[in-house]
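Small disclaimer: the values here were computed from a predicted structure and weren't measured. Any value given below was found using the heavy atoms of this structure, including those in side chains, with hydrogens, waters and symmetry copies removed. Proteins come first, then strands; the chains are lettered A, B, ... in the order of their sequence lines, and each starts at number 1.
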Amino acid sequence: MPLTIATWNINSVRLRQDLVARLAAEKAPDVICLQETKCPNASFPSKAFEKLGYTHIAVNGQKGYHGVAVLSRRPMREVVARPFCDMGDSRHIAVDVEARGGRSVRIHNFYVPAGGDEPDPEVNPKFAHKLAFLDEMTDWFGTETEAVAPADGAIVLGDLNIAPLEDDVWSHKQLLRVVSHTPVETERLEQVRRALDWVDVVRRDIPPPEKLYTWWSYRAKDWAAADKGRRLDHVWLSNGFSDACDRVEVLREARGWERPSDHVPIIVRLDV
DNA sequence: ATGGTCGGACCCCGA
């Protein structure tokens, strides 16, 4: 049996638990990693997800903002919820999911700061925070290599809030000075990736120049017609483990579901 | 065409 893993910025898990149920019904992923749950741990709707078969749940939430969670139908244990930038923000959780032969897959679920509007760390503290967060990821990956990425296999996924490639945005030229696609961010994200030589399996399987987006603004009158999206969500596999992934799907249609999130799920299938 | 729309807090903020 393959292991299927979904990542989705849900933009309030309580408001959209029915959409998570729809994803479970239509795609039946073994593991669902959520970001922007906007929900304290005590209020997390665990019961609803347990009824869907996701009996293993790990949450790192806070009131009103941010928040990440992992739902699993396979045995899983929480490894760490690492605080970044001494902010008290809930932006990371790591779990080990059981695989064949006593092995396990370590999943790091991230919600990287969006960074505000002005792409200048001197005048915009939110952008400075975003860059500091990325640098802390690089440092952590580089210094605690074994803990971050055990030999059995590891995954970094989530809303990284950066569209790194020209074909990850609707207009490279028009977004070069827009937060999420500025060179300072895309270079910083590449440093994070290179720290452990993570493999972007989504772009391995759906390579440029094909346009690929996971987020469309709520502000567009007709998101599908305008199609001004960005690829802000990512799935990276540890080097030497990437061959385990034999299928990638970006669920674009979920942007058209009733009262949607502005992000759509990515689903990967692993033979592990 | 430099607007627009969300969600969750609270009387705006972050996205």
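- Interatomic distance, A:Cys33 SG to A:Leu157 CG, rounded to the nearest 0.5 Å: 4.5 Å.
- Scored by the ring-ring contact (aromatic ring centres under 6.0 Å, His included) test, A:Phe110 finds A:Phe84, A:His92 as partners (sequence neighbours excluded).
- Comparing the same atom, P, in B:dA9 and in B:dT5 gives a spacing of 22 Å after rounding to whole Å.
- Taking for each of A:Pro40 and A:Ala220 the nucleotide of DNA chain B with the nearest heavy atom, the 5'-most of the two is the partner of A:Ala220.
- Side-chain contact annotation: A:Asn60 with A:Ser90, donor-acceptor N/O pair under 3.5 Å present.
- The separation of B:dG3 from B:dG7, taken at their P atoms, amounts to 23 Å, rounded to a whole angstrom.
- Atom CH2 of A:Trp170 and atom C1' of B:dA1 are 11 Å apart (whole Å).
- In this structure, the CG atom of A:Asp222 is 14 Å from the P atom of B:dT5, given to the nearest Å.
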Between the protein and nucleotides 13-15 of chain B, list the N/O to N/O atom pairs that are separated by less than 3.5 angstrom.
residue : atom : partner  : partner atom : Å
B:dG14  : OP2  : A:Lys126 : NZ           : 3.2
B:dA15  : N6   : A:Arg219 : NH2          : 2.5
B:dA15  : N1   : A:Arg219 : NH2          : 3.0

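- A:Leu175 places its CG atom 17 Å from the P atom of B:dT2, with the value rounded to the nearest Å.
- A cation-pi arrangement is absent between A:Arg193 and A:Trp236, since the terminal nitrogen or guanidinium carbon is not both under 6.0 Å from the aromatic centre and inside a 45° cone about the axis.
- Pairing for B:dC13 is with B:dG7, a Watson-Crick or G-U wobble pair whose two hydrogen-bonding atom distances lie under 3.5 Å.
- B:dG4 and B:dG14: their C1' atoms are spaced 16 Å apart (whole Å).
- Remark: A:Arg231 fails to qualify as a cation-pi partner of A:Trp215 under the 6.0 Å distance and 45° angle criteria applied to the six-membered ring.
- None of A:Asp233, A:Thr7, A:Thr214 except one satisfies the side chain to side chain donor-acceptor pair (under 3.5 Å) rule with A:His263; the exception is A:Asp233.
- Atoms CZ (A:Arg259) and P (B:dT5) sit 15 Å apart, rounded to a whole Å.
- Put simply, CZ on A:Arg14 is 13 Å from P on B:dG7, counting in whole angstrom units.
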